[in-house]
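Written out below as structure tokens is the structure these notes cover.
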Amino acid sequence: MSKTNSGYFFEDYHVGQVLNHATPRTLTEGDVALYQALYGPRFAMQSSAPFASPGPVTLVPKLDDLIVFHTVFGKTVPDISLNAVANLGYAEGRFLEPVEVGDTIRSSSKVIGLKQNSNGKTGIVWVRTTGFVSGDVPVLDYVRWVMVRKRDAAAPAPDPHVPDLAKAVDPATLKVPDYVDWSNYDFAAAGEPHRWSDYAIGEIIDHVDGVTLTDPEHMMATRLWQNTAKVHFDVTARPDGNRLIYGGHIISMARALSFNGLANAQLIAGINAGAHANPAMAGDTIYAWSEVLDRAETPNANVGALRLRLVATKGKAGDLCGEDGKYLPEVLLDLDYWALIPR
Amino acid sequence: MSKTNSGYFFEDYHVGQVLNHATPRTLTEGDVALYQALYGPRFAMQSSAPFASPGPVTLVPKLDDLIVFHTVFGKTVPDISLNAVANLGYAEGRFLEPVEVGDTIRSSSKVIGLKQNSNGKTGIVWVRTTGFVSGDVPVLDYVRWVMVRKRDAAAPAPDPHVPDLAKAVDPATLKVPDYVDWSNYDFAAAGEPHRWSDYAIGEIIDHVDGVTLTDPEHMMATRLWQNTAKVHFDVTARPDGNRLIYGGHIISMARALSFNGLANAQLIAGINAGAHANPAMAGDTIYAWSEVLDRAETPNANVGALRLRLVATKGKAGDLCGEDGKYLPEVLLDLDYWALIPR
Amino acid sequence: MSKTNSGYFFEDYHVGQVLNHATPRTLTEGDVALYQALYGPRFAMQSSAPFASPGPVTLVPKLDDLIVFHTVFGKTVPDISLNAVANLGYAEGRFLEPVEVGDTIRSSSKVIGLKQNSNGKTGIVWVRTTGFVSGDVPVLDYVRWVMVRKRDAAAPAPDPHVPDLAKAVDPATLKVPDYVDWSNYDFAAAGEPHRWSDYAIGEIIDHVDGVTLTDPEHMMATRLWQNTAKVHFDVTARPDGNRLIYGGHIISMARALSFNGLANAQLIAGINAGAHANPAMAGDTIYAWSEVLDRAETPNANVGALRLRLVATKGKAGDLCGEDGKYLPEVLLDLDYWALIPR
């Protein structure tokens, strides 16, 4: 019997199956600093402890929401995507409770859909993944679907079950973290004067700056989240001899770039949809732009929500899709999310 | 109206103008560890908490003075040097109060000089930048001048105003941090036996070791300080396709190399002058040497000050300037600073 | 007189000599996070604070045993291996007391053997190195021997003195850290179901995954341990223009890879022997496999010890040695150690 994990194949999943993923992980100030070094975010809520908690003195900066996302996601890789061909989409993502330095994250996934592809060699698996702290306090919940290889093409196809997913998270269900007190928000310290009401639906914001990607950086990031997918680390895993960059690396880089024009979009509250449109490799120079898709109020009178499309491209591409309606080859990421911003 | 920051141009500055820079930043143990990983310093005051604070037990190492410098400096980039052509010099730098892990730094600059260049396309801006903790406690103060592009060459030139700057910080004004207790200094633990009185004015110290620079390392360092100048990150920003390395990266690398021969020059108290003589790129192998320029006593009987010229070069260059009095092309850095060392 | 350290040469050592190495170093959560980013370990005892200390709440993850090893080792470099030609072996390594975040490590070595080589230009130096915390609490003890250049080939040879070293650490002398409580060990959270009794002597475990090495990563790791050997940093130090990767980087990478199949081999208790069989360089893709060499009980009824041979190779090599009994050129590491695992 082999003691090593060869991952799940398509026929190993069934609807309703629960997978408790291994290796809980305690997040520390070290993770915060590495996130800073790898992406260079400047959002004041995560950069400055007093900005985040203006009342009593605290010495600990807040964790970027994407640190939580990547940590929860990374744990799912050995059970969900080790034999995946493609990461197809995200939906119904919500950040539920704040995660603090010192918290320990574990994650768990439930299979909510299965559909074999017509080629008989692969199938699509939908899972709802939840991250927890303190053992059982849910902090993040999202649906992801991936295309997974079959171990044996002759294995029978399961009854197809495609879950009914919301096209976007209902803004009425977004959580504003308890620690958010924007009653006396310092726009000068935050870096830009624009508040919720300054953003119009349909508005496009070019985030201007570009970053050329490198292998050591994305590998360090990916290891930080204990994501073990071999295509990120081993140049022999792909025919082209390149390491494929973890899609979450592009999300974090694009989000950090988006500070320039969205400096006050401090927190991510929900993930409506997301596509890693094309693979990214070291040497690619990425740029980002955002489109304001929607606006919503929240129960907190000082906090508004913006629904944003965040697009990362190689080179300064303008369009998202070609005439055929497919993503252009220079598009790396198309992420639809809800951000919280002072009203 | 664009929501993104395109930076200030020469004609946007006026003498007396105060710029409060965005995004305060809380420094943590994670920053200390990254500084260690990026530069490999061995100065005992920052490496060992008990060495730094021999009295009551403390578990937190001290922050390298250059962490403070880079953090204060990085905040100024969006307002001072986004459209800068060159970083021309430093003067009158003094470290005023110690910065501890957990402190939050903000920085502010005052325009103290302006002079348009004869080409009419650029001008020189002098600023005095101050870093603060706890809101308003100054921790570092220095003058920097940069050459900045004009947005519109036809804009009128301001009245020239060149500030009168000290050639060196008066050693009588240097601050010895309160936590320094060198009454029972352990030279063996610190790594070398040489004290203040062992260094002679005019003495040259070759720091022997070399380091070949890489792109991921300088980008991680530069992001850590939230320095956003695009030439450091985007290979398309320069005609030669190279990323320009942040000058502060060279300062920190040279300072770390200088341990070999200056192991007891534990703290930086003042910055007299500095020039980034030539650009540094990944692949360059840098070496460093120091010259003792001056010596001074301090009010603390156990603490002396050495005025040091720290020179970083590509390859093992000997000379600093050619016959024309200009820096040789292999010279990267010429930094004139005051260090504190046991007397 | 030169103020810089040119290191010890063979004739500078004598049996019984004690070298107290410079620069104590306080370890922090930042070091834990960097270790995570550089190697991607998933062992639950170091990943999760509650897993490591299931009783009272603690927010601080445990330090990987190899962080302790590298920190103790790094301090010895300026005094032991600055003029070394080769790092020949390890023996009698034992981890004695746990090291916690916040502890400050210093290290000291005693010369226990000397033997000049027949070429008259080099000799072998055996040292017993001990790492301490809190000034004088030993935490790690091991023997290492290196081949060191003579400064002057004409210097007389010392009387040869070859220490008598154990072929393996007696398992009865292994220390189980006090904080280990595996009475209610969570195998699902740890990632694999295999306990001590599931491993058979002679069993081989292929750890499957590979990692392609890069220069920035090994340099950052090596600086973290304040290891200053110039071949790791300066491309001009070797005729081939490559940086030689610190052997400990390969140990840590192979150990992290070994999670896949040895997820419950949580702690390293002893180092029996080790050889850096061939040099590793950036661009090499390394894989690892383990062989179970022995099994032993410990005084803790829930804790067993496995003696493991951990082999790292370039490419997916199978064999360790050729017909001549020498390591094959693709073998990078052959490490013989004792791991602790739930019984």
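The shown structure was predicted, so the numbers you read here are calculated from the model rather than taken from an experiment.
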Would you mind checking which part of [X] comes under 4.5 Å of any heavy atom in chain B, side chain (CB onward), backbone (N, CA, C, O), both or neither?
X: A:L262; result: neither
X: A:Y35; result: neither
X: A:A188; result: backbone
X: A:V32; result: neither
X: A:I205; result: side chain
X: A:P193; result: neither

Under 4.5 Å from any heavy atom of chain A, what part of B:R106 do you find: side chain, backbone, both or neither?
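No part of B:R106 comes within 4.5 Å of chain A.
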Taking all non-hydrogen atoms of both residues, which atom of [X] and which atom of [Y] are closest, and how far apart?
X: A:A44; Y: B:T23; result: CA-CG2, 4.4 Å
X: A:G191; Y: B:A22; result: CA-CB, 3.3 Å
X: A:A49; Y: B:T26; result: N-OG1, 2.7 Å

Between [X] (side chain only) and [Y] (backbone N and O only), is there a donor and an acceptor less than 3.5 Å apart?
X: B:N5; Y: A:G261; result: no
X: B:R243; Y: A:T212; result: yes
X: A:S47; Y: B:P24; result: yes
X: B:R223; Y: A:Q36; result: no
X: B:K3; Y: A:E192; result: no
X: B:Q226; Y: A:G40; result: no

Sequence neighbours left out, what pairs pass salt bridge (Lys or Arg N to Asp or Glu O under 4.0 Å) with at least one residue falling in residues 4-19 of chain B?
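Qualifying pairs: B:D12-B:R151.
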Relative to chain B, which of A:Y199, A:F43, A:F187 shows the most heavy atom pairs under 4.5 Å?
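Top option by heavy-atom pairs under 4.5 Å: A:Y199.
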Look at A:Q46, A:E217, A:H207 and state which one has the largest set of heavy-atom pairs under 4.5 Å with chain B.
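It is A:E217.
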Considering residues, nucleotides and ligands other than B:D178, do more than 12 of their heavy atoms fall under 6.0 Å from its CG?
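No, the 6.0 Å shell around CG holds no more than 12 heavy atoms from other groups.
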Decide if atom CG of B:D240 counts as having more than 12 heavy atoms of other residues, nucleotides or ligands within a radius under 6.0 Å.
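Above 12, so yes.
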Is there side-chain contact between B:T104 and A:F51, with heavy atoms separated by less than 4.5 Å?
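The answer is no; the side chains never approach within 4.5 Å.
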Check: A:L34 and B:M220 side chains under 4.5 Å, non-hydrogen atoms:
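They are in contact (side-chain heavy atoms under 4.5 Å apart), so the answer is yes.
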To the nearest 0.5 Å, what is the distance between CZ (B:F233) and CG (A:L257)?
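Output value for this atom pair is 10.0 Å.
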Applying side chain to side chain contact (heavy atoms under 4.5 Å, CB included) to B:T228 and A:R42, what does each step give before you reach the verdict?
CA-CA 10 Å; B:T228 59; A:R42 288 177 285 152; 3.2 Å; yes
From A:D209, A:N260, A:D206, residue fulfilling side chain to side chain contact (heavy atoms under 4.5 Å, CB included) relative to B:T4:
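When A:D209, A:N260, A:D206 are each tested with B:T4, the side chain to side chain contact (heavy atoms under 4.5 Å, CB included) holds only for A:N260.
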